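Following: one structure in structure tokens, then a few remarks.
Whatever order the structure lists them in is the order used to number ligands and atoms, beginning at 1. In this text, all values refer to a predicted model and were calculated from it rather than measured experimentally.
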Amino acid sequence: MKPTFHHRMVNGPFEDPVVYLRLLREKKALLFDAGDVSALSAGEIHKITDVFVTHTHIDHFIGFDRLLRVMLRRERPLRVYGPEGITGSVEGKLRGYAWNLIEEYPVSLVVHEVTDASVSVASFSARDGFRKRLMGDTEWTGVLLNDPLFSVRAACLSHDIAVLGFCIEENMHINIDKAALAGRGLPVGPWLSGFKQAVREGRDDFMAVVEGREYPMGELRDIVRITEGQKVSYVMDVTPSRENMEKVVELVRGSHVLYIETYFLDEERERAFQRNHLTARMAGEIAREAGVKELVPMHISPKYRGSPEMITGEALRAFRGGG
Ligand SMILES: [Zn+2]
Ligand SMILES: [Zn+2]
């Protein structure tokens, strides 16, 4: 089966951190951080439905204006997710311009502000000059977005200020093997959707009723083909505290790809703590402990511009367990 996610870094490892993720079966894309996005075409920006902002330091948020400008005439709302303060940051950006001639424009923004306890939602619509409307709060469960194809989760981390780490997970594919079904003399029918749901939820005690006969889950295993979904994670700008490291490992566990900051070399550990960033070695150790399959080191301090291989080498050695 073809992968559902296609993802890439928008800029080089020394430039603003941004990851663009396309959902190949839909004309949709997600954006992780909104630093400089001038390398994205208008067509690529139009596909973005959701922007996940780790925090609003300028290198992670300066691209917001370009996103908004390209999307001004679009019908589909843009959803923005970020840590404590994101609503004020979006509002501040919007207040920086005059909007008296855009009442006809359909665009709106829906901002989700995540704290340890709750998600507060606010919307801004071009129709009324982007006035803030509070849409209410819900309890924070760790899940930001639930789509039929995938879900996005976040962890609340710290970087002196609040920061979010993200992961996107494709739902597993459960397919019925039609030949095996026919071989068992079982009909295609509505019972299969209940059965697939039970497989998805791991309910081993499930009993399927087909044409008046009962079939326990164990007897039906050979008619399903399960394909594991992809998982991609994105973690930037994190204080290397034990609490943060544990939360990151839990969030990114089993990722196929982990995009993670490798800001300093480990010989600058002291400085990494002072500046609230990870070292390359720490990033590699996190990926190793979490059983990640591929590590993408990015967001490297410009001081290593002449020797990026020192950073990537250190991260990959720690990842592979070479010391
Ligand atoms: Zn930062
Ligand atoms: Zn940064």
Subject >> Whether Asp237 has an N, O or S atom under 2.8 Å from the Zn ion (ligand 2) >> reply: yes
Subject >> Tyr215 six-ring centre to Arg213 NZ/CZ under 6.0 Å and within 45° of normal >> reply: yes
Subject >> Glu113 and Glu84, any side-chain heavy atoms less than 4.5 Å apart >> reply: yes
**OP:** Determine which of the N, O or S atoms in His57 is closest to the Zn ion (ligand 1) and give its atom name.
**Re:** ND1
Original post:
Of the backbone and side-chain N, O or S atoms of His60, does one lie nearer to the Zn ion (ligand 2) than 2.8 Å?
Top reply: yes
Original post:
Would one find an N, O or S atom of His277, in either backbone or side chain, under 2.8 Å from the Zn ion (ligand 1)?
Top reply: no
Subject >> Cation-pi, Phe61 ring and Lys93 (6.0 angstrom, 45 degrees) >> reply: yes
**OP:** State, yes or no, whether a side-chain contact exists between Ile86 and Tyr81 at a heavy-atom distance under 4.5 Å.
**Re:** no
Subject >> Any N, O or S atom of Asp59 closer than 2.8 Å to the Zn ion (ligand 2) >> reply: yes
Subject >> Verdict with reasoning, Asp33 to His60, per side-chain hydrogen bond (donor to acceptor under 3.5 Å, both in side chains) >> reply: CA-CA 5 Å; Asp33 269 337; His60 298 255; 2.7 Å; yes
